[in-house]
Amino acid sequence: MSNSWLDEFKRAGAVWLHDGTAQRPHALLTSGLHSDGFVNCTYVTQRPALVSRLLRDAQGLAPKLPKTKIDWVIGSAFGAITFAHAVAERLEARAGFTEKDGDAMALKRFELAPGETILVVEDVISTGGSTLKTLEGIRQAGAGKVTVLPQILCLVNRSGRADLDGHAITPLLELKINTWDAAACPLCKLGSQAVRPKTHWKELVGS
Ligand SMILES: [Zn+2]
């Protein structure tokens, strides 16, 4: 893994990791849990030139791209739509996305043909839950007649998992980020303030 890409993601504002001091606030997640890091890949995927560069860089995702022929690159809406598009451009494949369908993720707008091979991509894998739903949505759309590559390409893996349902997670960045119940949060005990990342991003990253 290249630390320079971690630095680049930090500079872009896509990754923030707490420095362990009481002066810096830490993250209060939507779930109510507290955390010493936060990932918002929107700050990377909104910059097509940056995505293009990390896909071409020998220290980036270039060596991790599949060598076999891929027909479709599919991500989940909305976070991975543009990333899927960028990877598909590199692989000369088509790009698609799954989207919410009740509690599931379904492939609604794209038609898979028998024998086609699909690469699943994500921007960030946090728990893996939505990626597993995307895999299931593709399986249903493919009706057993398509092959899903046993690899998931992503920008950031913070799930602590090596694979999802037998698909090896292949990230640009592997991050160790802790979460705690508020009552057990060591950063609160230290005196650091817990803030919502999306509304206090500049305070978190210290800019
Ligand atoms: Zn806390």
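Numbering of residues begins at 1 and proceeds along the displayed sequence. Counting convention: from 1, in listed order, for ligands and their atoms alike.
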Listed once per pair and sorted, the side chain to side chain donor-acceptor pair (under 3.5 Å) pairs that draw on residues 185-195, sequence neighbours left out: H26-S192
Please check: side-chain N/O of K69 versus main-chain N/O of T117, any donor-acceptor pairing under 3.5 Å? no
Contacts of R139 that satisfy salt bridge (charged side-chain N to carboxylate O under 4.0 Å, His left out) - sequence neighbours left out: E136, D165
Side-chain donor-acceptor contacts of residues 81-96 below 3.5 Å, not counting sequence neighbours, with atom names and distances?
| unit_1 | atom_1 | unit_2 | atom_2 | d |
| --- | --- | --- | --- | --- |
| R94 | NH2 | E116 | OE2 | 2.6 |

Within the 6.0 Å centroid threshold, strictly below: F97 and F110: yes
Is there a donor-acceptor pair under 3.5 Å between the side chain of D36 and the backbone N or O of N178? yes
Near the Zn ion (ligand 1), which protein N/O/S atoms are found at less than 2.8 Å? H26 NE2, H34 ND1, C185 SG, C188 SG
